[in-house]
Amino acid sequence: MKRLGILLSGRGSNFEAIAQNVLSGRLQCEIGFVFSNKPEAPGLARARELGFACGCIPSAGLDRTAFDLQVIDLLKQHGIDWVCLAGYMRFLSGGFVSQFQGRILNIHPSLLPAFPGLDAQHQALTHGVKVTGCTVHFVDENLDSGPILLQAAVPVLDDDTVERLSARILLEEHRIYSEAIAWVLQGNYRIEGRRVIRT
Ligand code: GAR
């Protein structure tokens, strides 16, 4: 069974959705390690409650490359094959990306390449788009970049607030992240340029 490492910085609802799919057997893999750069992250507490191996190194004030080397070390110690970023609010160093080349996924709450970076739902509302959504993509050295695996569209309603829009996007995030993980673990894809193609 392939072993996932989940990296999170906050609430951890994407982690929990993946965990429920793993625990129920809908997703055929193991969660080998849950890591947070924030000791107070609710997602980390939840991972401990669920009995997963967990680790935390506070990132504040640490050099990115040195910090990432420690995280890589922990992931290797736990035999991690694939890394899933689930609300991990840190930019990965080139060293990290090359250690897990082609085996790092991220979920982002917009239809990339629109609205990368922070507060994507707020960006979508203020820009006035009528449709936004979420994206699961491979991670490369650039921010919210990398070939796209799956996207789901979510309409923006006239009376939306950031909270309401975020909540509807989140439902889709929880669905497509596990779907994308199942797909890559089966290995039925090839990457041509930026396109991820089912095989
Ligand atoms: C999610 O909406 C995720 O898409 C977003 O952070 C939230 C984490 O929620 N990630 C990014 O914005 C990455 N650029 P969660 O902690 O409940 O999974």
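Ligands are counted one by one from 1 in listed order, and the atoms in each one are counted from 1 as well.
Using bins of under 30°, 30° to 60° and over 60° for the plane-to-plane angle, the ring pair W82/F138 lands in the tilted bin.
Nearest non-hydrogen protein atom to atom 5 (C) of ligand 1 is P109 CD, 3.7 Å. When only non-hydrogen protein atoms are considered, atom 14 (N) of ligand 1 lies nearest to H108 ND1, 3.0 Å. Protein heavy atom in closest approach to atom 3 (C) of ligand 1: E173 OE1, 3.3 Å. Of all protein heavy atoms, the one closest to atom 9 (O) of ligand 1 is R11 NH2, 3.1 Å. Looking at atom 10 (N) of ligand 1, its nearest protein heavy atom turns out to be I107 O, 3.6 Å. Closest to atom 15 (P) of ligand 1 among all protein heavy atoms lies S13 N, 3.4 Å.
Side-chain atoms of Q28 and K2 include no donor-acceptor pair closer than 3.5 Å. Under the 3.5 Å distance criterion, with hydrogens and angles disregarded, a donor-acceptor pair is assigned to the side chains of D140 and S145.
Heavy atoms of other residues, nucleotides or ligands lying less than 6.0 angstrom from CG of D158 number 12 at most.
With sequence neighbours excluded, no residue forms a side-chain hydrogen bond (donor to acceptor under 3.5 Å, both in side chains) with S36.
Counting side-chain heavy-atom gaps under 4.5 Å among Ile, Leu, Val, Met, Phe, Trp and Tyr, the cluster of V162 also holds F115, L125, V129, V154, V156, L165, I169.
Residue contacts with ligand 1: G12 is included, with a non-hydrogen atom under 4.0 Å away. Proximity of G43 to ligand 1 is not established, as no heavy-atom distance is less than 4.0 Å.
The line from CG of L157 to NZ of K130 is 10.0 Å long, rounded to the nearest 0.5 Å.
Residues A47 and V34 share a closest heavy-atom pair of CB-CG1, 3.7 Å.
Counting the atoms of ligand 1 from 1 in the order shown, those under 4.0 Å from a heavy atom of G87 are 6 (O), 8 (C). Of all the atoms in ligand 1, the ones that sit under 4.0 Å from a non-hydrogen atom of M89 are 6 (O), 10 (N), 11 (C), 12 (O).
Between N106 and ligand 1, not a single N/O pair is under 3.5 Å apart. At a 3.5 angstrom cut-off on N or O pairs, G117 does not count as close to ligand 1.
When heavy-atom distances to ligand 1 are checked against a 4.0 Å cut-off, L8 has no atom that comes that close, whether in backbone or side chain.
When hydrophobic clusters are built by joining Ile, Leu, Val, Met, Phe, Trp and Tyr residues whose side-chain heavy atoms come closer than 4.5 Å, directly or via intermediates, I57 is not grouped with I6.
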